[in-house]
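Let me begin by presenting the structure, written as structure tokens, before commenting on it.
Remember, it's a predicted structure, so these values are computed and weren't measured experimentally.
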Amino acid sequence: MNELKIREPFVAGQFYPGSSQDLRSEINHLVDKKAKKISAIGCMLPHAGYTYSGKVAGETISRLNIPDTLILLGPNHTGIGAPFSLMSEGIWHMPFGNVTIDSTTAKSLLKNSRLLEENMQAHINEHSLEVELPFFQYFKPEIKIIPIALSSGNIEDLKKIGDELAHTIINSGVKEKFLIVASSDMTHYEPLLDAKGKDKEAIDAILELDEDKLMQRIRKLDITMCGYAPVAVMLKAAKALGAKNAELVKYQTSADASGDTDSVVGYAGIIVY
């Protein structure tokens, strides 16, 4: 009998409150309960501490009809694990309660992919997916996940993973069951005006649903967007699933919280449908 794989929270009490009561109180102030909701195929969300990016994440997720399973794509900040690491079974402990992995779909994706590998180690100390989960649990406590950590890859590999992901979703017969979530912050530690200018170039490419243009602009302008790989995969998969539009819900920088305009990080919330 296989031992149940359990991932403990890594940044609870740091990036977001560690107690269920305090977490609910904070999220109450970050979401828009009156927002008009949309059934999206994908989205992009930030993953900083809630003080800095919580409003962007909260308002973006408030716009979504949340389906049964989130396919979570995040950058691998630690460098631990396989380049493209999927956790296909187990649970994630969170302050709002346990989140179960959709093992049936995850194992199907592994079978369909040449590049994704089973690897839990990449997820243990990685915060980029964890910080977004409480917002989804707030609206839908019984949510399931498929967590994938992506190291920076070349665009052809990323597009291949996007195609494999779309193929798996189509084969499931219930496209509406899934939302593809790409986790990324934008420009890191540059003056406010510089960061906003670079981020606009990247965001415009995402709104055009053009992962090639996004990668070209990142290279040309040296945009320090940590989750470009997850976003590229999400865009490729979303288009294969029929996405035609994208909308920027909210953009902020760390200066909105800190007041420091000399060195900021950018945060964008985008929905793709």
Side-chain angles (χ1 to χ4, degrees), residues 10-11 13-17 23 26-32 35 40 42-64 72-77 126-136 138 150 152 181-211 213-232 234-235 246-272:
F10 179 58
V11 290
Q14 302 173 57
F15 281 49
Y16 60 89
L23 181 56
E26 178 152 357
I27 291 179
N28 273 332
H29 294 98
L30 297 174
V31 298
D32 180 1
C43 67
M44 183 181 90
L45 300 170
H47 54 239
Y50 287 8
T51 300
Y52 296 101
S53 70
K55 197 68 176 171
V56 174
E59 291 192 15
T60 305
I61 294 170
S62 297
R63 291 285 312 281
L64 299 169
L72 299 173
L73 306 168
N76 183 335
H77 290 95
E126 176 55 59
H127 69 276
S128 63
L129 304 180
E130 177 186 327
V131 295
E132 293 163 359
L133 270 179
F135 287 102
F136 287 105
Y138 176 89
L150 304 168
S152 301
V181 181
S183 177
S184 183
D185 294 339
M186 302 301 293
T187 294
H188 286 65
Y189 312 125
E190 296 195 25
L192 179 62
L193 292 180
D194 292 345
K196 282 187 169 182
K198 289 185 176 184
D199 286 350
K200 184 180 186 304
E201 293 292 326
I203 289 168
D204 285 348
I206 297 167
L207 296 179
E208 293 175 31
L209 305 180
D210 192 332
E211 67 276 6
K213 185 179 288 186
L214 172 64
M215 296 292 281
Q216 289 163 6
R217 290 182 175 179
I218 285 170
R219 286 193 295 265
K220 180 179 178 181
L221 301 172
D222 191 25
I223 301 173
T224 52
M225 174 182 172
C226 59
Y228 66 82
V231 173
M234 182 271 290
L235 289 175
E247 175 189 342
L248 176 65
V249 177
K250 193 174 186 67
Y251 174 82
Q252 284 187 332
T253 72
S254 56
D256 291 290
S258 69
D260 177 7
T261 60
D262 293 331
S263 179
V264 309
V265 180
Y267 313 109
I270 295 173
I271 54 178
V272 176

Check against side-chain contact (heavy atoms from CB on, under 4.5 Å), Val265 and Tyr189: CA-CA 6 Å; Val265 180; Tyr189 312 125; 3.6 Å; yes

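- Note that CD1 of Ile270 and CG of Leu207 are 5.0 Å apart. Values are rounded to the nearest 0.5 Å.
- The distance from the OG atom of Ser184 to the CG atom of Leu214 is 8.5 Å, given to the nearest 0.5 Å.
- Interatomic distance, Gln216 CD to Glu211 CD, rounded to the nearest 0.5 Å: 10.0 Å.
- Formation of a donor-acceptor pair under 3.5 Å by the Thr60 side chain with backbone atoms of Val249 is not found in this model.
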If you apply the rule side-chain contact (heavy atoms from CB on, under 4.5 Å), what do you find for Leu235 with Ile206, and how did you get there? CA-CA 8 Å; Leu235 289 175; Ile206 297 167; 4.2 Å; yes

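- When all heavy atoms of Thr261 and Ala255 are compared, the closest pair comes out as CG2-CB, 4.2 Å.
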Report the C-alpha distance between Met44 and Met186 in whole Å, list the side-chain angles of each, state the deciding distance to 0.1 Å, and finish with yes or no for side-chain contact (heavy atoms from CB on, under 4.5 Å). CA-CA 11 Å; Met44 183 181 90; Met186 302 301 293; 3.7 Å; yes

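- Among all heavy-atom pairs drawn from Pro46 and Ala268, the shortest one is CD-O, 3.6 Å.
- Between the side chain of Glu126 and the main chain of His77, a donor-acceptor pair closer than 3.5 Å is present.
- Considering all non-hydrogen atoms of both residues, Ser263 and Ser254 come closest at O-OG, 4.2 Å.
- By the 4.5 Å heavy-atom criterion applied to side chains, Leu23 and Tyr50 are counted as neighbours.
- Within the 4.5 Å cutoff, the side chain of Leu133 has heavy atoms near those of the Leu72 side chain.
- The CD atom of Glu59 sits 10.0 Å away from atom CZ of Phe135, with the distance rounded to the nearest 0.5 Å.
- The two residues Met234 and Gly42 come nearest to each other via the heavy atoms SD-CA, 4.1 Å.
- Residues meeting the side chain to side chain donor-acceptor pair (under 3.5 Å) test with Glu132, sequence neighbours left out: Ser183.
- Between the side chain of Asp185 and the main chain of His47, a donor-acceptor pair closer than 3.5 Å is present.
- The distance from atom OG of Ser128 to atom CG of Leu73, rounded to the nearest 0.5 Å, is 9.5 Å.
- Counting all heavy atoms, side chain and backbone alike, Pro75 lies closest to Cys226 at CB-O, 3.3 Å.
- Under the 3.5 Å distance criterion, the side-chain polar atoms of Glu130 are matched with a main-chain donor or acceptor of Val11.
- In Phe136, the CZ atom is crowded: over 12 heavy atoms of neighbouring residues, nucleotides or ligands sit closer than 6.0 Å.
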Less than 3.5 Å apart, which donor and acceptor atoms pair up between the side chains of residues 190-203 and the rest of the protein, not counting sequence neighbours?
residue: Glu190; atom: OE1; partner: Lys198; partner atom: NZ; Å: 3.3
residue: Glu190; atom: OE2; partner: Lys198; partner atom: NZ; Å: 3.1
residue: Lys198; atom: NZ; partner: Leu221; partner atom: O; Å: 3.2
residue: Lys198; atom: NZ; partner: Asp222; partner atom: O; Å: 3.4
residue: Asp199; atom: OD1; partner: Thr187; partner atom: N; Å: 3.0
residue: Asp199; atom: OD1; partner: Thr187; partner atom: OG1; Å: 2.6
residue: Asp199; atom: OD2; partner: Tyr251; partner atom: OH; Å: 2.6
residue: Lys200; atom: NZ; partner: Asp204; partner atom: OD2; Å: 2.7

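- Asp256 CG to Tyr267 OH: the interatomic distance, rounded to the nearest 0.5 Å, is 9.5 Å.
- Every side chain to side chain donor-acceptor pair (under 3.5 Å) that Glu247 has, sequence neighbours left out, goes to Arg63.
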